[in-house]
Novice: 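There's a structure below that I have some questions on.
Every chain is numbered from 1 and lettered A, B, ... according to where its sequence line falls, protein lines coming before strand lines. Heavy-atom basis, side chains included; hydrogens, waters and symmetry copies ignored.
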Amino acid sequence: MSTTSHEQRPDLASESGSGSGSESGSVSGSGSGQPAAPGCGRNRRLRGLLRKEWLQILRDPSSIAIAFVLPVALLLLFGYGVSLDSKHVPVGIVIELPGPEAASFAGAFRQSQYFAPVFYATRQEARAALRAHELDGIVVIPADFAQRLKGDRDAPVQVIVNGVNANSARLLSAYVQGVWSTWMQRELSDRLIPVVQPVNPETRIWFNPEVRSRNYLVPGLLVVNMTLVGALLTALVFAREWERGTLEALMVTPVTLREILLGKLLPYFVLGMGGMVLSVLMALFLFQVPMRGSLWVLAACSTLFLLAALGMGLLISIVTRNQFVAGMIAILATFLPAFLLSGFLFDIDSMPVAVQAITHLVAARYFVAILQTLFLAGDVWSVILPNAAALVLMAAFFLGLSRRRLHKRIE
Amino acid sequence: MHRILALVIKEFLALFKDPRSRFVVIVPPLIQLLVFGYAASYDLNNVQYAVYDRDGGYAARELLARFEGSPTFSRAQRIERQSEIAELIDAREVLLVVQVGPRFTADIAAGRTASVQIIIDGRNSNTAQVALDYTNRIITDFNRDWTAARGLQGPPVHLVTRAWYNPNLESRWFFVTGLVGILTLVVTMMVTAMSVAREREQGTFDQLLVTPMRPTQILVGKAVPGLLIGLFEASLVVLVAVFWFEIPLVGSLAVLYTGIVLFLFAAVGVGLMISSLAVTLQQALLGAFLFMVPAVILSGFATPIANMPEPVQWLTLGDPLRYYLIILRGVFLEGAGFPLLVHEMWPLAVIALATLAAAGWLFRHRMG
């Protein structure tokens with residue numbers, strides 16, 4: 001910004017009076033201060049701006065931390081820490097009257113990796129343990145279990161789960177049901193009791209047959225990461241310059257608004273792409289997520305998405321002109337929406353229509369669809385093209401609006 | 001005392017003199033609670049699916065009618081060719097395809113076990129599992145009714161599952177109580193994390209340090225606004241959760257507010273510690289973020305802590321949000337009292353004391 005090139009533009013001079021040579025004060029660039037040919041002046045101004053932005057990034061390491069440390073830390077935490085695949089769920093088995101049938105059924109729970117069974121003799125003890133959060137569920141094997149098995153009357157066996165976490169509770173009851181039907185079938189065929197099971201479902205889970213939740217969490221997390229990185233990198237840049245008054249100083253120099261925007265966008269774009277490359281490498285090599293699509297599609301879509309994310313950050317920064325407000329909005333508008341409204345964890349089709357409409361405003365939504373498909377399914381153009389088009393629109397919208405809202409005026 | 005009061009008033013003025021600051025503290029968290037309260041749910045209620053019925057017999061129609069009638073599934077798309085299965089699933093037009101084999105009705109009429117193929121898009125493995133659970137339940141019900149109607153011998157005993165505290169297993173109950181915690185954390189952290197850093201950046205913190213105020217007084221002056229705003233915010237979101245989302249509040253308000261206040265102290269402590277470590281607002285924002293994002297991820301908000309590997313589970317012990325969410329869900333859904341929740345409350349107190357002490361120490365010892 002301190003490359004004070006001496007060619008004066010008439011429109012600027014009239015607008016802001018005499019302001020040539022005003023130093024920004026925050027960073028001193030390499031002002032060569034010579035008269036220059038108009039064509040290369042533009043280039044040199046942009047170079048000067050870029051250089052200043054880089055120096056600022058390098059001197060306050062927090063930007064580099066945002067671009068590289070944040071994605072790595074988050075990916076490590078999520079990749080290793082977050083899983084929806086439960087193992088060793090503590091479940092209480094109440095055996096009211098020991099017997100061969102009860103022992104055989106309880107043994108079925110011992111063999112499953114999913115359960116860590118704890119045995120009780122009375123319901124009261126097990127209920128107390130469930131209340132104290134020591135157990136997630138209880139299976140009650142009643143005293144007349146053996147008789148009931150022989151009888152032809154349909155008699156229930158009680159299962160109680162802690163329903164506070166509805167999703168875990170549902171999975172738990174599905175697993176108990178699974179253990180139960182396997183055991184039941186073996187038991188009945190051992191005793192030559194003929195039982196009719198009219199329909200037997202055969203399930204195929206495509207793209208992720210072993211149902212590894214990491215395979216879908218990691219691509220989704222890349223998106224959350226990049227949303228955060230993109231918006232955080234740029235959310236404060238203009239607000240900071242407004243607050244410090246250095247943007248006013250910049251206004252009186254011959255740099256054009258487009259150059260100012262480019263000067264702010266390019267360095268952070270490079271940083272953001274660096275973070276993206278790092279995250280993709282970690283996803284592929286550390287977390288072993290399969291990559292079934294092509295890399296150039298990934299690169300192209302990441303570029304689009306990052307432009308949209310950076311554009312949103314710039315817009316927030318330009319509109320608010322206040323670091324506190326910009327920071328607050330950046331957090332509220334990026335992290336939680338990307339986390340909750342992108343379809344990364346929660347199924348968008350199941351949301352109410354009004355909320356579904358809101359998800360269309362979240363750039364992360366399109367990128368999640370693209371990444372989950374690219375990583376797990378391949379280059380499916382019917383998914384990629386519409387979502388990429390939406391990203392183009394969003395990038396153009398945010399960057400265009402940023403350009404419109406950035407005036408060379410002081411109120 | 002009046003010195004502290006003066007500082008508190010000044011802090012409130014600094015925060016609320018700007019109408020937009022006022023706005024971002026109050027309105028967006030409420031909007032978020034409303035939007036996310038509806039969005040955050042693992043329940044499926046509008047599953048797009050397709051049917052490839054190669055049988056066409058009465059038994060197949062009866063089974064498929066049960067899918068059609070289930071509130072989970074929306075209207076089925078019918079397909080005629082095998083290749084359409086891949087097209088529809090690849091393009092994400094349907095989540096699953098039910099394929100009925102050509103001998104389905106013949107098998108079932110002859111008393112043999114007929115099979116149905118369920119093909120599910122596993123790109124989101126959790127959604128796939130939940131959908132699978134729904135289809136299995138439909139088929140189990142079908143089997144029971146089919147055998148009962150025809151007087152056949154079904155399994156003599158069957159399981160009956162009851163869910164305590166949340167009988168219909170609505171995951172909204174779980175997530176809205178979680179959101180109450182997250183939004184309290186976000187607002188409190190932002191208010192406090194920015195407070196000292198802003199003064200550092202503007203250079204007024206050094207001035208504050210040379211006034212006769214002691215670091216403890218500055219600490220109290222900086223902490224009180226965060227606490228009050230957090231308390232206000234928490235009460236607001238609790239009200240919305242109870243009256244808008246109709247989440248049952250079974251436990252007592254005394255237990256709830258003890259938890260809220262303890263959590264707020266911890267959040268304010270962490271916020272002030274980050275704030276006094278930072279030299280610029282950007283660093284404070286980054287610090288708040290670096291704390292908040294893992295805090296949310298590790299809190300058990302969306303994925304259970306028990307599923308994490310052991311070392312990560314130890315990390316969660318330092319996360320105040322973890323304890324707060326257990327308290328919130330305990331009080332709201334289970335009606336838990338002090339005896340059960342005291343194990344969640346004392347770690348919050350420890351975190352609060354440690355971080356507040358560290359922040360006070362940093363005020364003096366970290367001078368730009």
Novice: Where on Ser115(B) is there a heavy atom nearer than 4.5 Å to chain A: the side chain, the backbone, both, or neither?
Specialist: both
Novice: Looking at chain B, which one of Thr320(A), Ile138(A), Ile358(A) has the largest number of heavy-atom pairs inside 4.5 Å, strictly under?
Specialist: Thr320(A)
Novice: So what's closer than 4.5 Å to chain A heavy atoms on Thr177(B): side chain, backbone, both or neither?
Specialist: neither
Novice: Can you tell me which portion of Leu315(B) sits under 4.5 Å from chain A's heavy atoms? Options are side chain, backbone, both or neither.
Specialist: side chain
Novice: Would you name the heavy atoms of Leu340(A) and Ala39(B) that are closest together and state the gap between them?
Specialist: O-CB, 4.3 Å
Novice: Heavy-atom cut-off 4.5 Å, strictly under: side chain, backbone, both or neither for Phe332(B) against chain A?
Specialist: neither
Novice: Please report the closest heavy-atom contact between Val130(B) and Asn167(A), naming both atoms and the distance.
Specialist: CG2-OD1, 3.7 Å
Novice: Sort Val187(B) into side chain, backbone, both or neither according to what part of it lies under 4.5 angstrom from a heavy atom of chain A.
Specialist: both
Novice: How far apart are the closest heavy atoms of Ala91(B) and Ser382(A), and which atoms are they?
Specialist: CB-OG, 3.3 Å
Novice: Does some side-chain heavy atom of Trp164(B) sit less than 4.5 Å from a side-chain heavy atom of Val161(A)?
Specialist: no
Novice: What's the shortest heavy-atom distance between Pro337(A) and Phe36(B), and which atoms?
Specialist: N-CZ, 3.7 Å
Novice: Side chain from CB out, backbone as N, CA, C, O: work out which of these in Ala284(B) comes under 4.5 Å of a heavy atom of chain A, or both, or neither.
Specialist: neither
Novice: Taking side chain as everything from C-beta outward and backbone as N, CA, C, O, which of these in Gln313(B) sits under 4.5 Å from a heavy atom of chain A? Side chain, backbone, both or neither.
Specialist: neither
Novice: Measuring from atom CD of Gln177(A) to atom OG1 of Thr140(B), what distance do you get when rounded to the nearest 0.5 angstrom?
Specialist: 6.0 Å
Novice: What part of Leu95(B) gets within 4.5 angstrom of chain A, counting heavy atoms only: side chain, backbone, both, or neither?
Specialist: neither
Novice: Given the options Leu171(A), Asn162(A), Val176(A), Leu376(A), which has more heavy-atom pairs under 4.5 Å with chain B than any of the others?
Specialist: Asn162(A)
Novice: What is the distance from atom CE of Met351(A) to atom OG of Ser41(B), rounded to the nearest 0.5 Å?
Specialist: 8.5 Å
Novice: Where is the tightest heavy-atom contact between Arg131(A) and Tyr165(B), given as atom of each residue plus distance?
Specialist: CG-OH, 3.5 Å
Novice: Return the CG to CZ distance between Asp43(B) and Phe346(A), rounded to the nearest 0.5 Å.
Specialist: 10.0 Å
Novice: Give me the atom names and distance for the closest heavy-atom approach of Ser350(A) to Leu44(B).
Specialist: OG-CA, 3.1 Å
Novice: Is Asp107(B) close to chain A through its backbone or its side chain, or both, or neither, when contacts mean heavy atoms under 4.5 Å?
Specialist: neither
Novice: Is it the side chain or the backbone of Asp133(B) that comes within 4.5 Å of chain A heavy atoms, both, or neither?
Specialist: side chain
Novice: Verify the distance criterion only: is there a donor paired with an acceptor across the side chains of Gln372(A) and Arg92(B) at less than 3.5 Å?
Specialist: yes
Novice: Between Ile305(B) and chain A, with a heavy-atom cut-off of 4.5 Å, which part of the residue counts as in contact: side chain, backbone, both or neither?
Specialist: neither
Novice: In terms of heavy-atom pairs under 4.5 Å, which option from Leu130(A), Val89(A), Asp136(A), Val139(A) contacts chain B the most?
Specialist: Leu130(A)
Novice: Checking heavy atoms, do the side chain of Tyr42(B), its backbone, both or neither come under 4.5 Å from chain A?
Specialist: both
Novice: Taking side chain as everything from C-beta outward and backbone as N, CA, C, O, which of these in Ile108(B) sits under 4.5 Å from a heavy atom of chain A? Side chain, backbone, both or neither.
Specialist: side chain
Novice: Considering only heavy atoms, which portion of Glu334(B) lies under 4.5 Å from any heavy atom of chain A: side chain, backbone, both, or neither?
Specialist: side chain
